[in-house]
Amino acid sequence: MTYRDEIDLNNLPKHIAIIMDGNGRWAKKRMLPRTYGHSKGSDRVIEIVEASYNLGIKSLSFYAFSTENWKRPQNEINKLMELIVYYVRTQLEKIKNNNIKINVLGDIIPLPELVQDEINSALDETSCNNKMNLNIALNYGGQDEILRACKNIGKDLLDGSINLNDINKNLFENYLYTRGQGPIDLLIRPSGELRVSNFMLWQMSYAEFYFSDILWPDFSKEELYKAIVSFQKRDRRFGGL
Ligand code: FPP
């Protein structure tokens, strides 16, 4: 009996978001360079995407690089960029064949050109897919995303394409990177940290939080199943009784 057998397939979270954390500590415990932890962490991304896809999860969001991660040493930033390119390149065929749509959350313009090119072609080649949304947050900040939406709404107000009275929750959500996708149902953060770190602030308004002490490179699909079983035991009232 595994947690997989306990999952009620009729009550799945539609949108799962994951703050990957603990790659550095995982490597340190083994006296390996931090970048090794990121490589292991990337393998887990593939495992978790496959497991989520097989369950029928509609949207899956990963925090891969925050607006604050530029403060890390250059060699670590380079390694993260390299991993993103490598995984996009090696997984794209599989992603396409499985009708998965890749979306980027964040502003990729400051990323190296090679990374941008790789991402842009992955976005193009999967733009018509609709079985699952795979959201990768890159140079992403939740407050930045909300400010960007406000600015774009302001522009559209000024040029008359919308009116003040048009501004409501639905319209606002159309200006977010997750346009067309629902809110986060389940937010997972491994590695023992109990914070949201500026991730998808608008989208997580009624998310159920699942924190785990497991470090991300050890976060297997069994851990995902465990998180979903925990989610299914929650009483979600959305402010009601
Ligand atoms: C947090 O661990 C992890 C990150 C900041 C990067 C996560 C990115 C990847 C796994 C890269 C690959 C992404 C894809 C989509 C293939 P940490 O370094 O903060 O760990 P620590 O808190 O233990 O130092």
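Whatever order the structure lists them in is the order used to number ligands and atoms, beginning at 1. Since the structure is predicted, the reported quantities are computational estimates derived from the model, not experimental observations.
- The backbone N or O of Gln116 sits less than 3.5 Å from a side-chain atom of Asn120, completing a donor-acceptor pair.
- Distance CE/Met204 to NE2/His15: 10.0 Å, rounded to 0.5 Å.
- Applying the salt bridge (Lys or Arg N to Asp or Glu O under 4.0 Å) definition to pairs two or more places apart or across chains, those involving residues 83-96 are Glu50-Lys94, Arg89-Glu118, Glu93-Lys96, Lys96-Glu125.
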Fill in: Stepwise salt bridge (Lys or Arg N to Asp or Glu O under 4.0 Å) test for Glu47 and Lys221
CA-CA 6 Å; Glu47 178 177 339; Lys221 61 183 176 191; 5.6 Å; no
Are any protein N/O atoms closer than 3.5 Å to the N/O atoms of ligand 1? If there are, list each pair with names and the distance to one decimal place.
unit_1	atom_1	unit_2	atom_2	d
ligand 1	2 (O)	Gly22	N	3.4
ligand 1	2 (O)	Asn23	N	3.4
ligand 1	18 (O)	Arg34	NH2	2.8
ligand 1	18 (O)	Arg72	NH1	2.8
ligand 1	19 (O)	Asp21	OD1	3.3
ligand 1	19 (O)	Arg72	NH2	2.9
ligand 1	20 (O)	Gly22	N	3.3
ligand 1	20 (O)	Asn23	N	3.2
ligand 1	20 (O)	Gly24	N	3.0
ligand 1	22 (O)	Asp21	OD1	3.0
ligand 1	22 (O)	Arg25	NE	3.4
ligand 1	22 (O)	Arg25	NH2	2.9
ligand 1	23 (O)	Gly24	N	3.3
ligand 1	23 (O)	Arg25	N	2.7
ligand 1	23 (O)	Arg25	NE	2.8
ligand 1	24 (O)	Arg34	NH1	3.0
ligand 1	24 (O)	Arg34	NH2	3.2

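- For Lys28, the side-chain hydrogen bond (donor to acceptor under 3.5 Å, both in side chains) criterion is met by no residue, not counting sequence neighbours.
- Partners of Ser197 under the side-chain hydrogen bond (donor to acceptor under 3.5 Å, both in side chains) rule, at least two apart in sequence or in another chain, are Arg189.
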